Structures are given as C-alpha cells and as structure tokens.
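Working notes, structure below.
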Amino acid sequence: MSMEGKVAVITGAARGLGAAFAQELSGMGMAVVVCDVRDCDETAAAVKKSGGKALSSKVDVTSAESAQVMAAAAVKAFGRIDVLVNNAAMYGNLHNGRFTDLDEQEWDACMAVNVKGLWQCAKACVPSMREQGGGSVINISSLAAIFGMPNALHYATSKGAVIGFTRALARELGRDNIRVNAIAPSMVWTPGTREIMGNQVDRFAEVVRNGQTLRRNLETDDLVGTVAYLAGDMSKFVTGQTIMVDGGTVYL
Ligand SMILES: NC(=O)c1ccc[n+]([C@@H]2O[C@H](COP(=O)([O-])OP(=O)(O)OC[C@H]3O[C@@H](n4cnc5c(N)ncnc54)[C@H](O)[C@@H]3O)[C@@H](O)[C@H]2O)c1
C-alpha cells in the first residue's frame, strides 16, 4: 500500500506507540512529522535511518497556537498534510487511584491533553487536507473507555470523549472527503504502560489476557497495521468508526 508523496503528522511520537506509528507510516512511503512536548529527534533519526523523511517538531497539543505552528512547519517542510494521528495523551505519566482520590489538577490536565488536544490538532491540520481534497484523522482511544477501567476515571472518561469527538467530527468533515476514525487498543507493552502499572504490570497483564479471546499480550506490532489501514485508501469508505484492537475483549 504505497502512500508515496503523502504526509502524516503523528502527535505524542517521542516514544511508545507514536514512534511506532511514525515508522509504519514512513514505511508506506509517507513523510512524517513527529511531534510531542518531549524531544522527538530520536524518532525522527530512526525514521531517517530506515530511509524515510521526517521532521521533528515540539508541540503542546493543548495549545491552539502551538498546534498551528506545528502544522505550518509540516506544510513548509513537505507541502501538505494528508494524515493526522492524534496519539498524544496523558497516559504513562498519570496517577491512578479511587475516583475520590484523583487529583483535580491532573483531571483537568488529562481532559486538556486527551480531549482538547485532538481538537487543537484537527483545527491546525484539517485546512491542508481540505485544500488537497481529502485526508484521514486517526484518534487513539482505549479499551478503557468501552470496558470501563477502574481506578482511572479521568483516563477512561477522556478516552470515551475521543469516541464522541471522532463521530461528530466525521459527520462534519465527510463533505470534505476527510475521514475520521478511532482505534481502541487494550494494554500494549510500551514504556508508558510500564510507568503506569509499576510493579503490577505482570499481574495486570494476566488479568487482561484472561479476558481476551486471543490469549496473549497485545504488542505494538499488532497495532500498527490498523493505523496503516485507516491512513490509506484501503479504508476509503470507512469513517466515524472505532476499531477495537484488543484480542477480542469486547465485541462492538
Ligand atoms: N500503551 C497502552 O497500553 C495503551 C492502550 C490504549 C490506548 N493507549 C493510548 O495510546 C497512545 C500512546 O500510548 P503510549 O503507551 O505510547 O503512551 P506514552 O505515555 O508513552 O505516550 C504519550 C505521549 O504523549 C506525549 N504528550 C503528553 N502530553 C502532551 C502534550 N500536551 N502535547 C504533546 N504531546 C504530549 C508524551 O510526552 C508521550 O510521549 C495514548 O493516546 C494512550 O492513551 C495506550
């Protein structure tokens, strides 16, 4: 599936899933703009080492101005934006606990990054897609939203909002031939997961596996194909959907 000449913006690409999505989309021939509040130079260097084109950009997705600067840099470097992967989130750095004990500032920050951030980046990137006559926005939700993840009410609530955002924006952008879809993974082995689970990671992984139809851990490799599918023409009549990549934990 060649996407030669096309351009993808991937947020939260300093590490973990975002970095893997960048490699995958680059492998399809796309130039990638990798952005994060953290430095993304390592991700960009890895893409370039594999023969791809990459631009590293600092962005705070909660800021309209920062998102606009990032999108302008993408267009300046590569001339267009075809795909936006809204992957940045407060995930690995969240403190979980009973709903009564969650920190109010962290609740607000979680909503700002995980929900408002998608809006800011869509506002910044959609004009270029419109100009070209189409595009694909891919939002990363989570099984936490569908299954209901205890002790992470802020996170699960924010990821539920991602699904509403996806459906509403899909209806608004259909006339522009811009598709908007979401992916909802279960637990993937990333640095973020290790941070959030601490020494409970093995115990939690077993619980997750036991709830799946396919009884093994979800690996990053299992996820990148769905991003590739939603980015490219194979999914050209698919919009407003949330695709579960969870080994069959829930069936929508
Ligand atoms: N790993 C999993 O098990 C899992 C499961 C379901 C969904 N997800 C989702 O997948 C995505 C990536 O997960 P991950 O495991 O790689 O997590 P991660 O915590 O490693 O990655 C999130 C990235 O977002 C960046 N970020 C945070 N705030 C930002 C901001 N204001 N502006 C720009 N960037 C910001 C972080 O710096 C980080 O690099 C997230 O949306 C997460 O919620 C992950």
Side-chain angles (χ1 to χ4, degrees), residues 9-24 33-44 56-71 84-96 106 108-121 124 138-149 152 154-163 165-166 182-197 200-201 204-205 207-209 212 217-224 226-227 242-247 249-250:
V9 169
I10 303 111
T11 69
R15 65 177 200 176
L17 296 182
F21 296 156
Q23 274 291 355
E24 180 69 17
V33 179
V34 288
C35 46
D36 202 296
V37 275
R38 296 174 211 235
D39 196 302
C40 276
D41 286 356
E42 215 174 286
T43 309
S56 163
S57 172
K58 270 261 169 89
V59 69
D60 175 358
V61 296
T62 66
S63 154
E65 192 191 342
S66 180
Q68 294 290 343
V69 169
M70 173 275 288
L84 165 64
V85 185
N86 268 322
N87 168 76
M90 283 191 71
Y91 169 65
N93 51 352
L94 275 178
H95 298 96
N96 290 345
E106 199 171 80
D108 290 343
C110 181
M111 297 305 154
V113 179
N114 298 13
V115 185
K116 189 167 81 171
L118 280 60
W119 176 53
Q120 304 292 27
C121 291
I138 304 165
N139 303 314
I140 309 302
S141 178
S142 172
L143 174 67
I146 305 292
F147 190 80
M149 184 179 177
H154 43 3
Y155 180 71
T157 303
S158 73
K159 291 297 181 179
V162 172
I163 296 171
F165 174 93
T166 298
I183 300 175
S186 60
M187 197 172 90
V188 201
W189 297 99
T190 62
T193 296
R194 287 179 200 282
E195 263 173 31
I196 206 166
M197 297 296 165
Q200 299 292 308
V201 71
F204 199 75
V207 172
V208 171
R209 270 196 312 274
Q212 292 173 182
N217 292 338
L218 167 62
E219 305 288 350
T220 302
D221 257 10
D222 297 314
L223 206 52
V224 291
T226 311
V227 171
T242 298
I243 301 182
M244 306 302 303
V245 183
D246 65 349
T249 306
V250 295

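Just so we're clear, the structure is a prediction, and the values are computed from it rather than from any experiment. In listed order, ligands and their atoms are each counted from 1.
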Among all the protein's non-hydrogen atoms, which is closest to [atom], and how far away is it?
| atom | answer |
| --- | --- |
| atom 42 (C) of ligand 1 | Tyr155 OH, 3.5 Å |
| atom 27 (C) of ligand 1 | Ala89 O, 3.4 Å |
| atom 11 (C) of ligand 1 | Asn87 OD1, 3.0 Å |
| atom 17 (O) of ligand 1 | Tyr91 CD2, 3.4 Å |
| atom 30 (C) of ligand 1 | Val37 CG1, 3.6 Å |
| atom 32 (N) of ligand 1 | Val61 N, 3.0 Å |

Region of [X] engaging ligand 1 - heavy atom pairs below 4.0 Å:
| X | value |
| --- | --- |
| Lys159 | side chain |
| Ser141 | backbone |
| Val188 | both |
| Ser186 | backbone |

Closest heavy-atom contact between [X] and [Y]?
| X | Y | value |
| --- | --- | --- |
| Gln212 | Ser186 | OE1-OG, 3.7 Å |
| Asp222 | Val245 | O-CG1, 3.8 Å |
| Cys40 | Val34 | CB-O, 3.6 Å |
| Ala13 | Thr43 | O-OG1, 2.6 Å |
| Val37 | Asp60 | CG1-CA, 3.8 Å |
| Thr242 | Ala184 | CG2-CB, 3.9 Å |

May I ask you to check whether [X] has an N/O atom sitting below 3.5 Å from an N/O atom of ligand 1?
| X | result |
| --- | --- |
| Leu17 | yes |
| Val113 | no |
| Asp60 | yes |
| Thr190 | yes |
| Ala14 | no |

Checklist line | Close approach, Pro185 and ligand 1, non-hydrogen under 4.0 angstrom | finding: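 Yes; Pro185 lies near enough to ligand 1 that a heavy-atom distance drops under 4.0 Å.
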To the nearest 0.5 Å, how far apart are [atom1] in [X] and [atom2] in [Y]?
| X | Y | atom1 | atom2 | answer |
| --- | --- | --- | --- | --- |
| Asp39 | Lys58 | CG | NZ | 5.0 Å |
| Phe204 | Ile196 | CZ | CD1 | 9.0 Å |
| Leu118 | Leu84 | CG | CG | 8.0 Å |
| Ile138 | Ile140 | CD1 | CD1 | 7.0 Å |

Suppose I only count heavy atoms of [X] and a 4.0 Å limit; which atoms of ligand 1 are within that range?
| X | answer |
| --- | --- |
| Gly12 | 23 (C), 24 (O), 25 (C) |
| Arg38 | 36 (C), 37 (O), 38 (C), 39 (O) |
| Gly16 | 16 (O) |
| Val59 | 32 (N), 33 (C) |
| Gly92 | 19 (O) |
| Arg15 | 18 (P), 19 (O), 20 (O), 39 (O) |

Checklist line | Options Leu118, Ile140, Thr11, ranked by nearest heavy atom to atom 9 (C) of ligand 1, top entry | finding: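 Answer by nearest heavy atom: Ile140.
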Note to self: Counting only heavy atoms, tell me which of Val208, Thr193, Asp36 gets closest to atom 26 (N) of ligand 1.
What the structure shows: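 Nearest heavy atom to atom 26 (N) of ligand 1 lies in Asp36.
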Note to self: Are more than 12 heavy atoms, taken from residues, nucleotides or ligands other than Glu42, located less than 6.0 Å from that residue's CD atom?
What the structure shows: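 No - once you tally the heavy atoms of other residues, nucleotides and ligands closer than 6.0 Å, there are 12 at most.
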Margin query: For Glu65, is the CD atom crowded, meaning more than 12 foreign heavy atoms sit under 6.0 Å from it?
Written below: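 Atom CD in Glu65 is not packed in, count stays at 12 or less.
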Note to self: What I want to check is whether the side chains of Asn87 and Thr11 have a donor and an acceptor closer together than 3.5 Å.
What the structure shows: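 Side chains of Asn87 and Thr11: no pair found under 3.5 Å.
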Next item on the list: Assess the side chains of Tyr91 and Ser142: does a donor N or O sit below 3.5 Å from an acceptor N or O?
Entry: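 Their side chains do not contain a donor-acceptor pair, so the 3.5 Å distance test is not met.
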